Amino acid sequence: QVQLVESGGGLVQAGASLRLSCAPSGRTLSDYHTGWFRQAPGKEREFVAAISWTGSLALYADSVKGRFTISRENGKNMVYLQMNGLKPEDTAVYYCAINRAYGPGRRAGEYDYWGQGTQVTVSS
């Protein structure tokens with residue numbers, strides 16, 4: 001069983017930065033493509049960013065492109081989401097997820113394992 005643990009969330013003001021981390025237990029993260037999703041209250045879970053297992057391919061939602069950066073350090077078994085220029089509309093619970101077969105996709109159904117999420121709240 002794979003467990004993913006997200007960390008790094010918090011309450012910040014608009015314009016601030018946060019770095020989220022995703023760490024697995026029971027697996028080597030470098031074997032998996034990894035995605036970040038978020039879910040705001042009353043809304044469906046949405047794609048934020050994804051990265052291939054090698055780190056050579058990264059995808060972003062249009063709403064975060066140019067502000068967020070996904071990266072990985074396979075030697076440390078970690079994936080990160082650097083979030084700059086945060087906006088109130090970025091407020092959500094952020095989840096990391098992994099898959100081996102589908103690649104760094106945009107659809108939640110392509111991911112096999114999910115973390116419990118970390119709350120990001122951006123005040124105006």
Side-chain angles (χ1 to χ4, degrees):
Q1 183 68 22
V2 179
Q3 289 186 322
L4 300 173
V5 178
E6 303 94 337
S7 60
L11 171 62
V12 297
Q13 290 189 329
S17 298
L18 284 173
R19 188 177 78 158
L20 305 184
S21 299
C22 175
S25 62
R27 286 292 188 275
T28 300
L29 201 59
S30 60
D31 294 339
Y32 293 82
H33 310 288
T34 306
W36 284 97
F37 291 76
R38 66 187 182 187
Q39 187 166 19
K43 295 187 177 181
E44 293 191 353
R45 192 169 296 189
E46 65 173 358
F47 169 76
V48 176
I51 190 167
S52 61
W53 68 274
T54 62
S56 61
L57 176 63
L59 304 175
Y60 297 94
D62 288 344
S63 58
V64 306
K65 198 173 294 183
R67 298 188 298 123
F68 291 11
T69 302
I70 189 170
S71 62
R72 65 190 311 147
E73 287 190 84
N74 287 339
K76 294 184 177 180
N77 214 24
M78 297 284 283
V79 171
Y80 306 101
L81 184 68
Q82 178 68 42
M83 305 187 297
N84 299 330
L86 283 162
K87 304 176 181 179
E89 51 263 43
D90 294 319
T91 295
V93 177
Y94 284 70
Y95 300 88
C96 71
I98 60 174
N99 80 76
R100 295 189 77 168
Y102 293 101
R106 298 175 183 270
R107 293 179 292 184
E110 295 173 348
Y111 292 84
D112 302 313
Y113 301 101
W114 292 79
Q116 294 298 306
T118 185
Q119 177 70 48
V120 172
T121 304
V122 185
S123 63
S124 57

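Keep in mind it's a predicted model, so treat the numbers as computed, not measured.
Paired with Arg38 under the rule salt bridge (charged side-chain N to carboxylate O under 4.0 Å, His left out), one option of Glu44, Glu46, Glu6 passes, and it is Glu46.
A distance of 10.5 Å separates OG of Ser123 from CG of Leu86, quoted to the nearest 0.5 Å. In this structure, CG in Leu18 is found 9.0 Å from OH in Tyr94, a value given to the nearest 0.5 Å. Within the model, atoms OG1 of Thr118 and CG of Leu81 stand 11.0 Å from one another, a figure rounded to the nearest 0.5 Å. The distance from the OG1 atom of Thr34 to the CG atom of Leu29 is 4.0 Å, given to the nearest 0.5 Å. To the nearest 0.5 Å, atom OG of residue Ser52 and atom CZ of residue Arg72 are 7.0 Å apart. Here the straight-line distance linking atom CE of Met78 with atom SG of Cys22 works out to 8.0 Å at 0.5 Å rounding.
Figure legend: Arg19 and Tyr80 shown as a cation-pi pair, the cationic atom lying under 6.0 angstrom from the six-membered ring centre and within 45 degrees of its axis.
Nearest approach of Tyr111 to Gly35, heavy atoms of both residues: CE2-N, 3.5 Å. Taking all atoms of both residues into account, the shortest heavy-atom contact from Gln119 to Thr121 is NE2-OG1, 3.3 Å. The two residues Ile98 and Val2 make their nearest non-hydrogen contact at CD1-CG1, 3.8 Å. Nearest approach of Gly117 to Val93, heavy atoms of both residues: CA-CG1, 3.8 Å. Counting all heavy atoms, side chain and backbone alike, Pro24 lies closest to Leu4 at CB-CD2, 3.7 Å. Summarising the geometry of Pro88 relative to Ser124, their closest heavy-atom pair is CG-CB, 3.8 Å, with the distance given to 0.1 Å.
Of the charged side-chain nitrogens involved, none lies within less than 4.0 Å of a carboxylate oxygen, so that Lys87 and Asp90 do not count as a salt-bridged pair.
Hydrophobic cluster membership differs between Tyr95 and Ile70, with clusters built from Ile, Leu, Val, Met, Phe, Trp and Tyr side chains linked at under 4.5 angstrom. Tracing side-chain contacts under 4.5 Å through hydrophobic residues (I, L, V, M, F, W, Y), one reaches Phe47 starting from Trp114; they form part of the same cluster.
Counting only heavy atoms from C-beta outward, the side chains of Leu20 and Val120 approach each other to under 4.5 Å. With a 4.5 Å cut-off on side-chain heavy atoms, Asn84 and Ser17 count as touching. With contacts defined as side-chain heavy-atom distances shorter than 4.5 Å, the pair Tyr102/His33 does not qualify.
Surrounding CD of Gln116 are at most 12 heavy atoms belonging to other residues, nucleotides or ligands under 6.0 Å away. Applying the 6.0 Å contact sphere to CD of Gln3 captures no more than 12 heavy atoms from other residues, nucleotides or ligands.
A donor-acceptor pair under 3.5 Å is formed between the side chain of Arg106 and the backbone N or O of Tyr60.
A distance of 6.0 Å or more separates the ring centres of Trp36 and Phe68.
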